S.K.: 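Quick one: the structure is below, and I'll ask about it shortly.
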Amino acid sequence: MKKNVMMRIASVLLVAVMLTTCVISGTFAKYVTSDEATDSARVAKWGVSVVASGDQLFNNEYEDTTNGLTVKSEDDARVVAPGTSNKEFGATGLQFAIKGAPEVAVKITYNFTVTEDIFLGKGTYDDDTTGDDADDYSFAEDYYPVVFTLKKDGAQVATGNLAAIKTYFDGLTTASTKIAANTTLDATYVLTWAWEFGDPANNQKDTTLGNLAAGTTTTTNEYNLDLAYILNITIEQVD
Amino acid sequence: MNEYKSLKNKKSSMLGIVIAFLIILETCALAMLFSRLTFFAPKMSENVFSLTESGKNTTVRMGYMQEDGSIDFENETASLPKTTLPAFMARIAGFALTADASGNKGPVPGYSVYDENTVWQANTNVEIFKFSYENGEGMITVQGSGEDKVIAPGTQNDYTFTLENSGTIGLDYVLEMEAFFSNEEYAIPITVRLTEKNGGYILGSDETREDVLALNTVNTESTLGAGRYATYTLDWEWAFEGNDEYDTLLGNLAAEGEDLSLTIVIRTTAMQSADPDCSDGEDTPVLGDDGSFVWWFVIALLALVGLAVVFKTKKTQAELIYNEENE
């Protein structure tokens, strides 16, 4: 009997311990959770370049074997004359290329500044081609003897005096104010010039310009004997 | 006969030792149990906003934004798992400890983190950065050529995420962040601000922004009461007007194939608040389980009935043996 009582007590205690232990295990149960989020991005590509190449456009000496013409500057300054062009001294022209595939929107600004251009202003001049001081000639529009030609990827896009070239670049700037991201930029421009030789319509004007440069004649009309220009190309990201 | 008595005495002694051991064990267990008991006291939590009054068990639902704007939910009851025996027993045993002011039968933890598009999981890709960016005129000004997200001068984004306590017990949580640039030779000129919904700044201020690598110092600890949430916003920017020369350098390096990537990691960890004396209105957790009283009573009753049957059977057998010996 005693044994049975003790067994019963032991059994009850065992059950009580099991239940209590389960309750304690519940108090140690702890909720823990974690979450993580991540994101990455790389720097957008730029890689746009404007590369100018080619020889100088003007020289101090030219030789035209076709016409047997030689032009040489007296003081080594770069000169132009009837019958000269960039080809006469082997120059291929001024080349510049715009290349790149930026991942940002861009605008391209072509800032072509005409500092001065060679011209003979409209009006009446002594005709120095006849040898008779009484002879003169007239014309109604300014005469620009040096004719520039601009080509893009081999195709002519503009020709004329420096003002005509500037007009083209101004228009190009307007058209390039917002170029979409990921647009491939790939254009090559070449600028050349020539002063035509032997055009009867211009012989008198060419002679007058030459005499003005030599100081052997004068005029009250407007004229200029030098040319200069500046070309700045800027490519920048659009916000 | 003497040997029989001696054997009986040995067994009695061993049984006595076992009973003594069980008494000590039970005493210790009861002492430990009562030392861990606490009472539920609902309090207000600062800097968090009440979502619902969680008077019943709260269901946590994982949701995923669909293309048509609807949300596809997965129902999931946030409670202790019912599949393991210890948890099951804990649930049964814990009922007596889980009385609270609203009559809940036990604590139900629930926690989720989400943004406007995604509910976070273990390692979720989120949209801190973008594949393309538009300006105020709707024109795409930056766009990656491949499948990568990109950053560039003039890009910026605000990323908002919410931590929600959808359970019935208070949670302590830790918010950590990490930022690293793939190329240690260069610095990425991106600045950030990190704010809480109530306008408090964790990084930066109204007038100042911090370097993006300052995110590595973010280690915010706070609490969430039951049914409450906290919202944070990470605001990053690469200023358009900055060091143009340096920005162009980075862009050219990227075009040449250099790996110039910025990575941001946001990490949250939530756990049951174990401090019964939490201040600032933090909800004190109810420990134990939400076991059903009925189950507890039934199993205890069955155990007692089983014991009684076993003893009765043994007693009958013992009496039969005794009678046989004496006949």
Side-chain angles (χ1 to χ4, degrees), chain A residues 1-49 99-107 178-184 235-239, chain B residues 12 15 18-19 22-23 25-26 29-30 32-33 36 80 86 89-90 93-94 109 111 113 120 123-126 128-129 135 140-145 148-154 240 248 250-252 254-255 260-272 287-289 303 307 311 315:
Chain A
M1 288 299 291
K2 181 180 179 182
K3 181 182 175 180
N4 279 340
V5 171
M6 291 180 74
M7 281 296 294
R8 288 175 185 175
I9 294 171
S11 301
V12 169
L13 280 173
L14 184 62
V15 171
V17 167
M18 284 174 58
L19 289 176
T20 308
T21 304
C22 289
V23 172
I24 293 176
S25 70
T27 67
F28 283 106
K30 191 172 183 179
Y31 174 80
V32 178
T33 186
S34 64
D35 292 308
E36 182 175 295
T38 185
D39 200 7
S40 294
R42 58 169 177 79
V43 173
K45 298 175 184 176
W46 177 245
V48 177
S49 64
K99 294 187 183 296
E103 291 178 323
V104 298
V106 300
K107 68 174 180 180
K178 288 180 183 177
I179 300 176
N182 285 308
T183 299
T184 299
I235 304 175
E236 53 189 324
Q237 180 187 351
V238 173
D239 188 9
Chain B
S12 296
L15 201 56
V18 170
I19 289 173
L22 289 175
I23 290 172
L25 195 62
E26 178 64 13
L30 286 173
M32 186 182 296
L33 176 64
R36 292 181 63 79
L80 289 176
M89 297 302 292
Y111 176 74
V113 186
W120 295 11
N123 197 347
T124 309
N125 290 324
V126 293
I128 299 173
F129 305 107
N135 61 9
I140 294 178
T141 55
V142 180
Q143 185 171 36
S145 56
D148 299 328
K149 295 180 182 178
V150 291
I151 46 178
F240 187 75
T248 303
L250 293 179
N252 286 334
L260 300 173
S261 301
L262 174 65
T263 300
I264 292 179
V265 180
I266 306 174
R267 197 173 295 115
T268 71
T269 304
M271 63 202 78
Q272 286 178 223
L287 302 179
D289 201 350
L307 283 172
F311 288 138
K315 181 179 178 182

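Below, each value reflects all heavy atoms present in this structure, side chains not excepted, and no hydrogens, waters or symmetry copies. Note that the structure is a prediction, hence the values are computed from the model and not measured.
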S.K.: Heavy-atom count check: over 12 atoms from other residues, nucleotides or ligands less than 6.0 Å from Lys107(A) NZ?
M.R.: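 Result for NZ/Lys107(A): open.
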S.K.: Using 0.5 Å steps for rounding, measure from the CH2 atom of Trp46(A) to the OG1 atom of Thr248(B).
M.R.: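 Answer for the CH2-OG1 pair, Trp46(A) versus Thr248(B), is 6.5 Å.
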S.K.: Which heavy-atom pair separates Ala44(A) from Ala254(B) by the least distance, and what is that distance?
M.R.: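 Reported closest heavy-atom pair: O-CB, 3.9 Å.
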S.K.: Is it the side chain or the backbone of Val48(A) that comes within 4.5 Å of chain B heavy atoms, both, or neither?
M.R.: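 The backbone, not the side chain.
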S.K.: Specify which of Ala105(A), Gly47(A), Ser40(A), Ala101(A) makes the most heavy-atom pairs with chain B at under 4.5 Å.
M.R.: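 Option with the top pair count is Ser40(A).
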S.K.: For Ser261(B) versus Arg42(A), what's the shortest heavy-atom pair and its separation?
M.R.: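 Answer, listing the atom of Ser261(B) first, then Arg42(A): OG-CB, 3.7 Å.
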S.K.: Where do Leu307(B) and Ser11(A) come nearest, in terms of heavy atoms and distance?
M.R.: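 For Leu307(B) and Ser11(A), the tightest heavy-atom pair comes out as CD2-CB, 3.6 Å.
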S.K.: Taking all atoms of both residues into account, what is the closest heavy-atom pair of Met6(A) and Ile19(B), and its distance?
M.R.: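 Closest approach of Met6(A) to Ile19(B), heavy atoms only: O-CD1, 3.3 Å.
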S.K.: So for Val15(A), is it side chain, backbone, both, or neither that comes closer than 4.5 Å to the heavy atoms of chain B?
M.R.: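 Only the side chain of Val15(A) comes within 4.5 Å of chain B.
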S.K.: Side chain to side chain contact (heavy atoms under 4.5 Å, CB included) between Val142(B) and Gln237(A): does it pass, once the steps are laid out?
M.R.: CA-CA 9 Å; Val142(B) 180; Gln237(A) 180 187 351; 4.0 Å; yes
S.K.: What's the shortest heavy-atom distance between Ile128(B) and Asp39(A), and which atoms?
M.R.: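 Closest approach of Ile128(B) to Asp39(A): N-OD2, 2.8 Å.
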S.K.: Knowing that exactly one of Asn125(B), Ile266(B), Val126(B), Ile264(B) qualifies, which makes a side chain to side chain contact (heavy atoms under 4.5 Å, CB included) with Thr38(A)?
M.R.: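 Checked Asn125(B), Ile266(B), Val126(B), Ile264(B) against Thr38(A); only one passes side chain to side chain contact (heavy atoms under 4.5 Å, CB included): Asn125(B).
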S.K.: Chain A: which of Asp148(B), Thr141(B), Leu250(B) shares the most heavy-atom pairs with it under 4.5 Å?
M.R.: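 Maximum pair count with chain A is reached by Thr141(B).
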S.K.: Are any side-chain N or O atoms of Glu36(A) and backbone N or O atoms of Val265(B), one a donor and one an acceptor, separated by less than 3.5 Å?
M.R.: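 Such a contact is absent between Glu36(A) side chain and Val265(B) backbone.
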S.K.: Donor-acceptor check, side chain of Asp35(A) to backbone of Thr268(B), threshold 3.5 angstrom: yes or no?
M.R.: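 Not a single qualifying donor-acceptor pair exists.
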S.K.: Relative to chain B, which of Val43(A), Thr33(A), Leu14(A), Ile9(A) shows the most heavy atom pairs under 4.5 Å?
M.R.: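 Among the listed options, the one with the most contacts to chain B is Val43(A).
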S.K.: Look up atom OG in Ser34(A) and atom OH in Tyr111(B), then write down how far apart they are to the nearest 0.5 Å.
M.R.: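 So the OG of Ser34(A) and the OH of Tyr111(B) are separated by 9.0 Å.
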S.K.: Please determine whether side chain to side chain donor-acceptor pair (under 3.5 Å) holds for the pair Thr20(A) and Glu26(B), giving the CA-CA distance in whole Å, both sets of side-chain angles, and the decisive distance to 0.1 Å.
M.R.: CA-CA 7 Å; Thr20(A) 308; Glu26(B) 178 64 13; 2.8 Å; yes
S.K.: Mind listing the closest non-hydrogen atom pair of Leu22(B) and Ala10(A) along with its distance?
M.R.: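 Heavy-atom minimum between the residues: CD1-O, 3.5 Å.
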S.K.: Which distance, rounded to the nearest 0.5 Å, do you find between the CD1 of Ile151(B) and the CD of Glu103(A)?
M.R.: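 That separation rounds to 11.5 Å.
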